[in-house]
Number of protein chains: 2
Amino acid sequence: MEKQEALAALVALGHETRLDIFRLLMQAGPKGLAAGQIGERLALPAATLSFHLSQLKHADLITFRRESRSLIYSAAYPVMNALLAYMTENCCQGAAASCEPATPSTCQPEERHETPARARVR
Amino acid sequence: MEKQEALAALVALGHETRLDIFRLLMQAGPKGLAAGQIGERLALPAATLSFHLSQLKHADLITFRRESRSLIYSAAYPVMNALLAYMTENCCQGAAASCEPATPSTCQPEERHETPARARVR
DNA sequence: TCTATATTTCCATCATATTAGAAATATGGA
DNA sequence: TCCATATTTCTAATATGATGGAAATATAGA
């Protein structure tokens with residue numbers, strides 16, 4: 001993961017409403033949630049919700065698929081994992097066992113089982 | 001870690017200059033860096049740097065100690081670890097082995113070896 | 001095709017964060 | 001005590017982000 005990607009993800013998550021949305025989707029798992037359901041659970045006006053969803057989308061933290069009239073959003077686990085890895089890389093000048101690199105295998109959707117790429121810092 | 005703490009940390013890290021500062025301190029390790037050195041390396045005016053340091057301080061992401069005339073800043077590893085844990089907790093409705101909780105033992109300062117508390121969500 | 005549902009885009013308003021010069025504070029040495 | 005260094009706080013200008021109503025778009029069913 002490059003710095004700008006990590007930054008975009010952190011900017012996106014650094015807002016209460018978006019953190020709420022993201023965590024709701026993390027909890028919902030790969031099945032995801034329709035935009036309407038998210039708005040209902042978090043009591044958000046449609047336009048406001050849509051604004052925040054687009055921010056999260058832009059940061060690649062969530063994906064969506066259409067299902068009939070609904071748009072189903074779900075958390076992008078691999079990007080989340082890459083972010084976690086990025087944040088702890090190069091810590092302590094890579095010094096010793098006391099500073100282990102992050103374990104990025106944190107949260108995988110049920111279906112998928114590919115190894116999350118150890119993000120490389122640039 | 002509670003939501004507001006995690007949010008504060010994410011808000012703080014969601015800014016390029018602060019992410020640069022934080023990563024610099026992560027890399028510097030427990031020895032830390034004097035404010036002046038940070039400003040020099042990142043080419044920041046003193047007032048701007050001080051503003052961002054106070055934001056990071058407020059989010060408990062960094063600590064500082066005085067050493068003669070210099071203030072030495074360093075990354076607060078335990079808080080970082082708690083944040084990583086928080087972000088992946090409760091994912092996939094806690095479903096199965098495919099959704100392992102985050103391993104918080106990511107980055108420890110050299111001197112310390114206490115077990116990082118598995119942050120609890122409220 | 002007409003209508004209802006689901007969601008987004010547009011837009012104007014409002015709120016908050018960032019920037020950096022200048023002044024203030026703290027420390028240590030001569 | 002006086003001065004130089006290190007850093008913060010104050011302040012005002014500027015920039016950016018968030019909000020939500022209204023209109024526009026997309027889908028599906030009658």
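Quick note on labels: first sequence line is chain A, next is B, and so on, each numbered from 1.
Among the atoms of the strands shown, base atoms are found under 4.0 Å from some heavy atom of B:Thr48. Residue B:Ser50 is in base contact, counting any heavy-atom pair closer than 4.0 Å across all strands shown. Within 4.0 Å (heavy atoms only), A:Phe64 reaches no atom of the nucleic acid at all. Nucleic acid contact for A:Ala47: base, since at least one base atom lies under 4.0 Å from a heavy atom of the residue. Across all strands, B:Ala35 comes closer than 4.0 Å only to sugar-phosphate atoms, never to a base (heavy-atom distances).
The side chain of B:Leu71 has D:dT8 as its nearest neighbour among D:dA6, D:dT8, D:dT19.
Atom pair A:Leu56:CG and D:dG17:C1' shows a separation of 14 Å (rounding to whole Å applied). Across the protein-nucleic acid pair, A:Gln55 atom CD and D:dT19 atom C1' stand 12 Å apart, rounded to whole Å. As rounded to whole Å, 14 Å separates atom P of D:dT27 from atom CD of A:Glu67. Taking atom CD1 of residue B:Ile72 and atom P of nucleotide D:dT5, one finds them 18 Å apart after rounding to whole Å. Note: OH (B:Tyr73) to C1' (D:dA6) measures 11 Å, nearest angstrom. The distance from atom CZ of B:Arg65 to atom C1' of D:dA6 is 16 Å, rounded to the nearest whole Å. In this structure, A:Leu53 places its CG atom 14 Å from C1' of D:dA18, rounding to the nearest Å. Nucleotide D:dA18 holds its P atom 4 Å from the CZ atom of A:Phe51, rounded to whole Å.
Judged by closest nucleotide on DNA chain C, A:Arg69 is the one of A:Lys57 and A:Arg69 placed further toward the 5' end.
A salt bridge links A:Arg65 with A:Glu67: the closest approach of a Lys/Arg side-chain nitrogen to an acidic carboxylate oxygen falls below 4.0 angstrom. Using a cutoff of 4.0 Å between basic side-chain nitrogens and carboxylate oxygens, A:Arg41 and A:Asp20 are not scored as salt-bridged.
Separating the CD atom in B:Glu16 from the CD1 atom in B:Ile21 is a distance of 11.0 Å, to the nearest 0.5 Å. The distance from atom CG of B:Leu56 to atom CG of B:Leu13, rounded to the nearest 0.5 Å, is 6.5 Å.
At least one donor-acceptor pair under 3.5 Å links the side chain of B:Glu5 to the backbone N or O of B:Glu2. For B:Tyr77 (side chain) and B:Met26 (main-chain N/O), a donor-acceptor pair under 3.5 Å exists by modelled atom type. No donor-acceptor pair closer than 3.5 Å links the side chain of B:Arg23 to the backbone N or O of B:Leu25.
OP1 or OP2 of D:dT27 has at least one side-chain nitrogen or oxygen of A:Arg66 nearer than 4.0 Å.
Protein chain B contacts DNA chain C over a range whose 5' and 3' limits, counting nucleotides with an atom under 4.0 angstrom from a non-hydrogen atom, are C:dT18 to C:dG28.
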